[in-house]
J.: 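Would you mind keeping the following structure in view while I ask a few things?
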Amino acid sequence: MHDLLQIGGITDGMRTRLEEHFTIHKLSEGAYPGAAITHVATNGHDGVPADVLAACPNLKMVSCYGVGYDAIDTKVAADRGIIVSHTPNVLNDEVASTTIMLMLASFRNFMADEAHARSGTWEANGNAPLSRSADNRRVGILGLGRIGQAIADKLAVFNAEIHYHTRSKKDVPYTYHPDLTDMAKAVEVLICITPGGPSTQHIVNEEVMNALGPEGTLINVSRGSVVDETAMVKALQDGRLGNAALDVFEAEPKIPDALKTMSNVILLPHVGSATHETRAAMGDLVVDNLISHLNSGKVLTSVPETAHLNV
Ligand code: NAP
Ligand code: 8YV
């Protein structure tokens, strides 16, 4: 048996499989045998705190439940020869569906319409106001990777005109914008689906939101850090930005109070991948990576920063 440190929650299915190979120690229970820990199971939110990394000198591998791993210091991991795995691809369609639902709900005013029906306002005061069509929109995707492409694929049904901004141009039939502000000017909807971390910190700033404009809709399913939340609240309050539909926030699970009272905003509690089916697939991949490492010293889906160790 090997010693695994569990950070955050795991499903019963994951636990059953892991217990065949590991003695599981939970960080939430306090003391753990740092020197014995060879493997960590964590998630994209909790990552691996620096003090935990320091307390586990014999750590060999970290398995992250989530494709985003900005909460894990991969530089320290790589320097120490620790392989980090994550869960790419198995959640692409789910997160893309969440994104499409946010766009549809925002354009079609579904939250207000549902309240109108449920509250009896329809019966008392008559029809709900008209909404905006979600069809035939110019949509800018910030981050055209695995999930960004899945979003573009699903948007085809809505006859969207796709624009994108990434650091490098892709071989795709969409309009590339080397400058994010230029893309924001050109589109009606801006969808954020880049990784978090320093390279994207507040990349959606006041200038970008002003360019998107009073009729523009900002959708964030990436990381809260990608959008300057204070500037976004102000832009929405001033009417310089039209609408926002958000699954992620800068200080989760805290959401700025100002956003909670705005009728032009939709708020979700980071549920982009949160279905039984997709979370089961993510959990399987977390465990598969750990077992693969035990059997071969290699994982199935290393993050790029530790891929050179995965040989
Ligand atoms: P991916 O395949 O690695 O794609 C990332 C894309 O972002 C690439 O097109 C990349 O292109 C672009 N990019 C990276 N850094 C950039 C920068 N500084 N400026 C502009 N573009 C940049 O990742 P993925 O699997 O699609 O996942 C994307 C992210 O979605 C995850 O990291 C995670 O944070 C988030 N996510 C959220 C949820 C949720 O529940 N809300 C669920 C899953 C994932 P270039 O390298 O050419 O720039
Ligand atoms: C998860 C995510 O909710 O995969 C990601 O990057 O943000 C989500 O799928 C998260 O990682 C769970 O901790």
Side-chain angles (χ1 to χ4, degrees), residues 6-11 14 41-48 62-72 74 84-102 140-153 162-172 174 176-184 190-205 208 219-227 245-250 252-253 266-275 277-283 285-286 301-305 307:
Q6 176 196 327
I7 303 178
I10 59 173
T11 63
M14 290 167 74
T42 186
N43 60 72
H45 181 74
D46 295 305
V48 188
V62 173
S63 187
C64 177
Y65 177 82
V67 67
Y69 53 91
D70 45 300
I72 300 172
T74 50
V84 179
S85 69
H86 64 151
T87 60
N89 292 319
V90 294
L91 41 54
N92 293 352
D93 276 333
E94 208 69 73
V95 181
S97 294
T98 304
T99 309
I100 300 296
M101 287 190 282
L102 280 172
I141 302 179
L142 166 56
L144 194 74
R146 292 170 290 247
I147 302 173
Q149 182 61 59
I151 293 169
D153 292 344
I162 305 288
H163 300 237
Y164 72 101
H165 169 72
T166 48
R167 291 166 300 183
S168 59
K169 192 172 186 299
K170 316 293 175 200
D171 184 18
V172 288
Y174 312 131
Y176 178 58
H177 296 264
D179 183 81
L180 177 56
T181 305
D182 285 348
M183 180 168 85
L190 175 60
I191 294 174
C192 307
I193 187 65
T194 55
S199 92
T200 55
Q201 171 80 21
H202 288 188
I203 189 173
V204 177
N205 56 21
V208 171
I219 299 177
N220 190 7
V221 283
S222 58
R223 285 290 181 264
S225 59
V226 170
V227 175
L246 310 165
D247 185 43
V248 290
F249 303 88
E250 285 203 57
E252 293 175 10
I266 296 176
L267 305 170
L268 293 180
H270 201 145
V271 291
S273 66
T275 62
E277 295 84 353
T278 294
R279 288 294 172 84
M282 290 164 64
L285 188 47
V286 167
T301 50
S302 172
V303 302
E305 292 85 345

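Both ligands and their constituent atoms are indexed starting at 1 by order of listing. In what follows, every heavy atom counts, from backbone to side chain, and hydrogens, waters and symmetry copies are set aside.
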J.: Quick one: which of T200, V95, T278, V221 has a heavy atom closest to atom 36 (N) of ligand 1?
T.: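 Among T200, V95, T278, V221, the closest heavy atom to atom 36 (N) of ligand 1 comes from V221.
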J.: In ligand 1, which numbered atoms sit nearer than 4.0 Å to a non-hydrogen atom of I203?
T.: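 The atoms of ligand 1 under 4.0 Å from a heavy atom of I203 are 19 (N).
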J.: Please work out whether any backbone atom (N, CA, C, O) or any side-chain heavy atom from C-beta onward of T98 is under 4.0 Å from ligand 1, and answer side chain, backbone, both or neither.
T.: neither
J.: Near S273, which atoms of ligand 2 are under 4.0 Å from a heavy atom of that residue?
T.: 1 (C), 3 (O), 8 (C), 9 (O)
J.: Could you list which atoms of ligand 2 come closer than 4.0 Å to a heavy atom of H45?
T.: 13 (O)
J.: Near H270, which atoms of ligand 1 are under 4.0 Å from a heavy atom of that residue?
T.: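 Ligand 1 atoms under the 4.0 Å threshold to H270: 39 (C), 40 (O), 41 (N).
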J.: How many angstroms lie between atom CD1 of I193 and atom CD1 of I141, to the nearest 0.5 angstrom?
T.: 9.5 Å
J.: Taking 4.0 angstrom as the limit and counting only heavy atoms of S273, give me the atoms of ligand 1 inside it, by number and element.
T.: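 This gives 40 (O) as the contact atoms.
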J.: Tell me whether ligand 1 is touched by K170 - counting only heavy atoms on the residue side and a distance under 4.0 Å.
T.: yes
J.: Quick one: look at T194 and ligand 1, take heavy-atom pairs under 4.0 Å, and tell me if it's side chain, backbone, both or neither.
T.: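 Both backbone and side chain of T194 come within 4.0 Å of ligand 1.
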J.: Which pair of non-hydrogen atoms, one from T166 and one from L144, has the smallest distance, and what is that distance?
T.: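 In this case the closest contact between T166 and L144 is CG2-N, 3.2 Å.
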J.: Side chain or backbone of H86 under 4.0 Å from ligand 2, or both, or neither, by non-hydrogen atoms?
T.: neither
J.: I need the atoms of ligand 2 closer than 4.0 Å to a non-hydrogen atom of R279, numbered in the order shown.
T.: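 Those of ligand 2 that fall under 4.0 Å from R279 are 1 (C), 3 (O).
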J.: Donor-acceptor pair, N220 side chain versus R223 backbone, under 3.5 Å?
T.: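 Pair found, side chain donor or acceptor close to backbone of R223.
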J.: Work out whether the distance between some heavy atom of S222 and some atom of ligand 1 is less than 4.0 Å.
T.: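 Yes, S222 has heavy atoms under 4.0 Å from ligand 1.
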J.: Which ligand 1 atoms are under 4.0 Å away from a heavy-atom of G143?
T.: 6 (C), 7 (O), 9 (O), 12 (C)
J.: With heavy atoms under 4.0 Å as the rule, classify the contact between T166 and ligand 1 as side chain, backbone, both or neither.
T.: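 Near ligand 1, T166 shows its backbone as well as its side chain.
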J.: Does ligand 1 have a heavy atom under 4.0 Å from the side chain of V67, from its backbone, from both, or from neither?
T.: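 For V67, the contact with ligand 1 is made by the side chain alone.
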J.: Just say parallel, tilted or perpendicular for the rings of Y174 and Y164, cut-offs at 30° and 60°.
T.: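 Rings of Y174 and Y164: perpendicular, over 60°.
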J.: Please could you name the atoms of ligand 2 that R223 approaches to less than 4.0 Å, counting only its heavy atoms?
T.: 2 (C), 5 (C), 6 (O), 7 (O)
J.: Could you please spell out the steps behind the side chain to side chain contact (heavy atoms under 4.5 Å, CB included) verdict for L285 and N89?
T.: CA-CA 10 Å; L285 188 47; N89 292 319; over 6 Å; no
J.: Could you tell me the residue and atom name of the protein heavy atom closest to atom 5 (C) of ligand 1, and the distance to it rounded to 0.1 Å?
T.: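 Going by distance alone, atom 5 (C) of ligand 1 is nearest to P195 CD, 3.6 Å.
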J.: Checking side-chain hydrogen bond (donor to acceptor under 3.5 Å, both in side chains) between H177 and each of K169, H163, H165, which is the one that passes?
T.: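 Exactly one option meets the side-chain hydrogen bond (donor to acceptor under 3.5 Å, both in side chains) with H177, and it is H163.
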J.: Should the ring pair H86 and Y69 be called parallel, tilted or perpendicular, given that the plane angle runs from 0 to 90° and is split at 30 and 60?
T.: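 It falls in the perpendicular class, over 60°.
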J.: Give me the atom names and distance for the closest heavy-atom approach of D247 to G272.
T.: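 What the structure gives for the nearest pair is OD2-N, 3.0 Å.
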J.: Check ligand 2 against G68 and write out every atom of the ligand that is under 4.0 Å from a heavy-atom position of the residue.
T.: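 It comes down to these atoms of ligand 2: 4 (O), 5 (C), 6 (O).
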J.: Is there side-chain contact between M282 and V286, with heavy atoms separated by less than 4.5 Å?
T.: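 M282 vs V286: side chains apart.
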J.: Counting each atom of ligand 2 from 1 as listed, which ones have a heavy atom of N43 under 4.0 Å away?
T.: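 Listed by number with element: 13 (O).
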J.: Is the closest N or O pair between T87 and ligand 2 shorter than 3.5 Å?
T.: no
J.: Does T98 use its side chain to pair, donor to acceptor, with the backbone of E94 at less than 3.5 Å?
T.: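 Such a contact is found between T98 side chain and E94 backbone.
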J.: Output the list of atoms in ligand 2 that are nearer than 4.0 Å to some heavy atom of G66, sorted by atom number.
T.: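 Near G66, meaning under 4.0 Å from one of its heavy atoms, ligand 2 has 4 (O), 5 (C), 11 (O).
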J.: Could you tell me, atom by atom, which parts of ligand 1 come under 4.0 Å of a heavy atom of S168?
T.: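 The atoms of ligand 1 under 4.0 Å from a heavy atom of S168 are 47 (O).
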J.: Go through ligand 2 atom by atom and flag the ones less than 4.0 Å from a non-hydrogen atom of G44.
T.: 11 (O), 13 (O)
J.: Is it the case that the side chain of D46 and the backbone of I7 share a donor-acceptor pair, with hydrogens and angles ignored and the cut-off at 3.5 Å?
T.: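 No; judged by distance alone, with no hydrogens or angles, the pair does not exist.
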J.: Can you tell me if T200 uses its side chain to pair, donor with acceptor, with the backbone of I203 under 3.5 Å?
T.: no
J.: If you measure every N or O of D70 against every N or O of ligand 1, does any of those distances drop under 3.5 Å?
T.: no
J.: What pair of heavy atoms forms the shortest contact from V208 to A184, and how long is it?
T.: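 V208 and A184 have their closest heavy atoms at O-CB, 3.5 Å.
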J.: Does an N or O from G145, backbone or side chain, lie closer than 3.5 Å to an N or O of ligand 1?
T.: yes
J.: What do you reckon, does M282 have a nitrogen or oxygen under 3.5 Å from a nitrogen or oxygen of ligand 2?
T.: no
J.: Can you confirm, on distance only, whether ligand 1 has an N/O atom lying under 3.5 Å from any N/O atom belonging to L144?
T.: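 Yes - when backbone and side-chain N and O of L144 are compared with those of ligand 1, one distance drops under 3.5 Å.
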J.: Has ligand 2 got any nitrogen or oxygen that is less than 3.5 angstrom from a nitrogen or oxygen of L91?
T.: no
J.: Residue-level breakdown please: for R167 versus ligand 1, do any non-hydrogen atoms fall below 4.0 Å on the side chain, on the backbone, on both, or on neither?
T.: both
J.: Nearest heavy atom to atom 26 (O) of ligand 1 wins, so pick from I151, I147, I141.
T.: I147
J.: Have a look at V84 and tell me which of V62, V48, T301, T42 forms a side-chain contact (heavy atoms from CB on, under 4.5 Å) with it.
T.: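 Of the listed residues V62, V48, T301, T42, the side-chain contact (heavy atoms from CB on, under 4.5 Å) partner of V84 is V62.
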J.: If every non-hydrogen atom of A71 is compared with every non-hydrogen atom of G44, which pair is closest and at what distance?
T.: CB-O, 3.4 Å
